[in-house]
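Order of the sequence lines sets the chain letters (A, B, ...), proteins ahead of strands, with each chain counted from 1.
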There are 2 protein chains.
Amino acid sequence: MEEPRKRARPGRAPAPAGRTSRPRQAEVARLAGVSQATVSLVLGARKQGATISEETRRKVLDAVRALGYVPDPAASRLAAARNNLLGVFSFTSTFPTDVQHSYYPFLVGVEQEAAARGYDLVLFTGSSTGGAGAAGPNALARVRLADGCLFLGRHAPAEELRRLVADGFPVVHLGRRDELEGLAWVGADYISASQEVVAHLAALGHRRIVLVREDDEAPASTDREHGFLKGLEEAGLPGGPAAVFRSADPERELTAERLRGWLDEGVTAFVAEETDTGDAWRALHGAAHFVGIDCPRDASLALLGSPPPDLAEEPVPTGFDIPRPQLGAAAVRMLAALVSGEAAAEPLVACTFRPGSTAGPAPVRY
Amino acid sequence: MEEPRKRARPGRAPAPAGRTSRPRQAEVARLAGVSQATVSLVLGARKQGATISEETRRKVLDAVRALGYVPDPAASRLAAARNNLLGVFSFTSTFPTDVQHSYYPFLVGVEQEAAARGYDLVLFTGSSTGGAGAAGPNALARVRLADGCLFLGRHAPAEELRRLVADGFPVVHLGRRDELEGLAWVGADYISASQEVVAHLAALGHRRIVLVREDDEAPASTDREHGFLKGLEEAGLPGGPAAVFRSADPERELTAERLRGWLDEGVTAFVAEETDTGDAWRALHGAAHFVGIDCPRDASLALLGSPPPDLAEEPVPTGFDIPRPQLGAAAVRMLAALVSGEAAAEPLVACTFRPGSTAGPAPVRY
DNA sequence: CCGGATCACTAATGCGTATTAGTAATGCGC
DNA sequence: GCGCATTACTAATACGCATTAGTGATCCGG
């Protein structure tokens, strides 16, 4: 009878005998007198299924301790088909030298929430993807090594994001982003927060309020205007285009004369939006100062967001704070939900009202 | 004839058909019309062995791009290879709410250097209690997923670090750490920097200089003292215990009287070490102010490091800056060297002398 | 035109753990 | 004492990639 030709065994070269490598589940199993599968079951502590006798469990755990067994994360993650890695992508450096413009406040929340859920974070930057893979149309390909990815900043290229989303790769954008169909995002609820600020002013007796905003169409701007107008309506105050001033260089600047004009018309409160540059607030603040307004007494000011760093020393503006850490945490929650296929989490995060000291009772007119 | 009983096939449940999962090498191979092994060979670009025709290589790479294939890091690691990931582990939160104590400045350099070398960073958060890594005795096990790991802060548990090192896992500690045999580290060269500051003072004519330090034995402290004394010796100035003052509560505080005493003895320059709290500098600065010293004229002050944030507004102290980003970069270089088995890189990073305005010519004594 | 060498690839592993089908052993009801 | 459940395990995968022995094919020298 023809003995089947003994095929040689390809594959990995045998490990060098010298080094005592760290123990595997197989060694633990041998020592405990059980099978490798049993060791895995004892250690896994899975919710359902297998039942293990108390004695076996003890034997296994003793062996684990005796050998100092530590599971190999690579193997665990491979077998579980889950890396427990969440990507964090920012097109610019995640840690820019200029701390002011960094994503630091978001990362605080991202890190916490990720840690709480047992995820580790992989940091990708525009430059890092250039290292491993070409920075071509597939610059974002490398993020696929994670189970899902969080995108910071508005510079994430739409085409590539679309591709990831289309492939079913879990993606969450930090900051509202509606133009991209199917892209999950989390953002701050500027509408409610702005509305609340107006309500506050109205409660203080202000009957005419003007919003100063910049002339762009970012969602963050339109949301604030929306909330502002909603707040006016709710309080039964005059809204409409007259209540909103769009500053634009050089035609329409927020001049001292313009401010005086408003005051003469009976406007007693002014609201500025927050932008990257803080220009709206700076202009409003500057004009008010120039005109010589005694801020909480003659007229009230409010800021829909936080002041720019250079104005941080001034009296705290009435307005709201964007809870950046919570935003980061919410983004992680949503990403985790997508990764595990659960129902999507809440995309909007509430801002917190900041009383500040630039708003007071409306001046009494005789 | 008895057909051998068709044994059912245990193992993993089939993947849910709905979701298009990330592409595998197998899919790439199918698309390119080659075997999975060929894909691996093309992508691996290993030094020796297999030769691949130019055409096949092109077909494979095209397929890789078309599918957006990215290797699974866990699988790569398990197959005893690299995954181009470097871990960053901090026992405390990497992004603490308190920005002052953050590792941010280091991370700036870490990220840059890692990106430049084609590595991505994985943030392993030590504070993670739930989820994947229970905070038990094996909190550090997760880092083995990466090719190597950088440890920040002095809280990394020695036992676990020792274990990693013993297993030959590449580890670099940011900050000197001699007590752990075989642990690689990078640190700032406090000795040379301190010596340089003393040399500067000596060149300005100061003949008696006193070091004010706190009463602990951290390497950062002893190094500075070492460099200080070395500087004195080099300049032919009196050293010995009398030149060093260890402040300790409540017995030995840096009082105004003590300072006056030194001045009377002919001391014309004072040097403080930098610590987490900045207490040494604060005490020295405060006492000098209290005594009414006109700083660069009556006596010179120097700080071996950077001032605490609350004293940042004061005149810039003469001393040196710790180049934190460069330290981070150096740590990555060393880690990369360990990972690739090259010769170890330089562990010491030079500090940069900061002229400042608190040191001037020694006052002339008549 | 045949033996050996080189080339270009593929088949068949192994890495260490998680999962699941299967299987003895025991308990239980009637 | 026979079926049926339950309990407590184990055998046999699969996960995705790297590695290596092997296999045709082609080339080359004599």
Side-chain angles (χ1 to χ4, degrees), chain A residues 5-15 21-30 32-60 64 69-84 144-145, chain B residues 5-15 21-30 32-60 64 69-84 132 141 144-145:
Chain A
R5 163 85 171 295
K6 182 114 168 226
R7 209 184 185 292
R9 307 155 84 266
R12 135 167 338 287
S21 73
R22 56 209 189 85
R24 313 289 163 202
Q25 282 188 355
E27 275 105 283
V28 174
R30 213 171 301 142
V34 299
S35 72
Q36 174 267 324
T38 302
V39 175
S40 177
L41 287 175
V42 169
L43 295 179
R46 281 286 143 262
K47 42 226 82 179
Q48 55 165 343
T51 51
I52 302 285
S53 75
E54 208 39 62
E55 183 183 343
T56 300
R57 177 185 307 280
R58 198 187 40 69
K59 280 193 300 184
V60 168
V64 162
Y69 167 81
V70 176
D72 181 333
S76 303
R77 291 169 180 202
L78 178 57
R82 209 116 177 287
N83 280 321
N84 272 6
R144 292 175 190 258
L145 120 195
Chain B
R5 164 86 172 292
K6 181 111 168 230
R7 209 185 185 294
R9 307 156 81 266
R12 133 167 341 283
S21 76
R22 294 161 32 203
R24 309 295 164 202
Q25 280 190 354
E27 274 106 280
V28 175
R30 212 171 302 142
V34 299
S35 73
Q36 174 267 322
T38 302
V39 175
S40 178
L41 288 176
V42 169
L43 295 179
R46 282 286 145 262
K47 42 227 78 176
Q48 55 164 337
T51 52
I52 302 286
S53 74
E54 208 38 61
E55 182 182 347
T56 300
R57 176 186 309 280
R58 198 187 40 68
K59 279 193 301 185
V60 169
V64 163
Y69 167 81
V70 174
D72 181 326
S76 299
R77 277 297 283 173
L78 185 58
R82 308 261 188 74
N83 58 17
N84 267 9
R144 292 178 194 265
L145 178 67

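Legend: residues meeting side chain to side chain contact (heavy atoms under 4.5 Å, CB included) with Pro23(A), ordered by chain and number and at least two apart, are Glu27(A), Leu67(A), Tyr69(A), Arg163(B). Scored by the salt bridge (charged side-chain N to carboxylate O under 4.0 Å, His left out) test, Arg24(A) finds no partners at all (sequence neighbours excluded). Residues satisfying the side-chain hydrogen bond (donor to acceptor under 3.5 Å, both in side chains) test with Thr56(B), not counting sequence neighbours, are Ser53(B). Taking the side chain to side chain contact (heavy atoms under 4.5 Å, CB included) definition, one finds that Ala37(A) meets it with Ser35(A), sequence neighbours left out. Scanning for salt bridge (charged side-chain N to carboxylate O under 4.0 Å, His left out) contacts around Arg58(B) gives Asp62(B), with sequence neighbours left out.
Distance, Asp72(A) CG to dG16(D) C1': 14 Å, rounded to whole Å. Straight-line distance from the CG atom of Asn83(B) to the C1' atom of dC15(C): 14 Å, rounded to whole Å. Atom CZ in Arg22(B) sits about 14 Å away from atom P in dC15(D), given to the nearest Å. In this structure, Arg144(B) atom CZ and dC15(C) atom C1' are separated by 15 Å, rounded to whole Å. Between the CZ atom of Arg77(A) and the P atom of dC15(C) there is a distance of 21 Å, given to the nearest Å. Rounded to a whole Å, the CZ atom of Arg24(B) is 12 Å from the C1' atom of dA14(D). With rounding to whole Å, Leu145(B) atom CG is found 13 Å from dG16(C) atom C1'. Counting to the nearest Å, the C1' atom of dA14(D) and the CD atom of Gln25(A) are 15 Å from each other.
Projected onto DNA chain D by closest heavy-atom contact, Ala74(B) and Thr38(B) fall at different nucleotides, the more 5' of which corresponds to Ala74(B).
You'll find that the side chain of Ser53(B) is closest to dC9(C), out of dT10(D), dC9(C), dA18(C). You'll find that the side chain of Leu41(B) is closest to dT10(C), out of dT10(C), dT10(D), dG16(C). With dC9(C), dC15(C), dA18(C) as the candidates, the nucleotide lying closest to the side chain of Ala79(B) is dC15(C). Distances from the side chain of Ile52(B) to the nucleotides dC9(D), dT17(C), dC9(C) place dC9(C) closest. For Ala37(B), whose side chain is taken as the heavy atoms from C-beta onward, the closest listed nucleotide among dA18(C), dA18(D), dA11(C) is dA11(C).
Judged by atom type and distance alone, Gln36(A) reaches the base of dA18(C) through a side-chain donor-acceptor pair under 3.5 Å.
Val39(B) comes within 4.0 angstrom of no nucleic acid atom, judged by non-hydrogen atoms across all strands. Ser76(A) comes within contact range of the sugar-phosphate backbone alone, with a heavy-atom separation under 4.0 Å but no base atom that close.
At dA8(C), one or more side-chain N or O atoms of Thr51(B) fall inside 4.0 Å of OP1 or OP2 (strictly under the cut-off). Side-chain nitrogen and oxygen atoms of Thr56(A) include at least one within less than 4.0 Å of the OP1 or OP2 phosphate oxygen of dC9(D).
In the helix from dC1(C)-dG30(D) to dC30(C)-dG1(D), the end axes, each obtained as the rotation axis mapping the C1' atoms of four pairs onto the next four within a five-pair block, lie 50° apart to the nearest 10 degrees.
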Going through the checks in order, is the salt bridge (charged side-chain N to carboxylate O under 4.0 Å, His left out) test met by Arg77(A) and Asp72(B)? CA-CA 10 Å; Arg77(A) 291 169 180 202; Asp72(B) 181 326; over 6 Å; no
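The minimum heavy-atom distance between Leu145(B) and Ala74(A), with the atom names listed, is CD1-CA, 4.0 Å.
Within the 4.5 Å cutoff, the side chain of Asn83(A) has heavy atoms near those of the Pro73(B) side chain.
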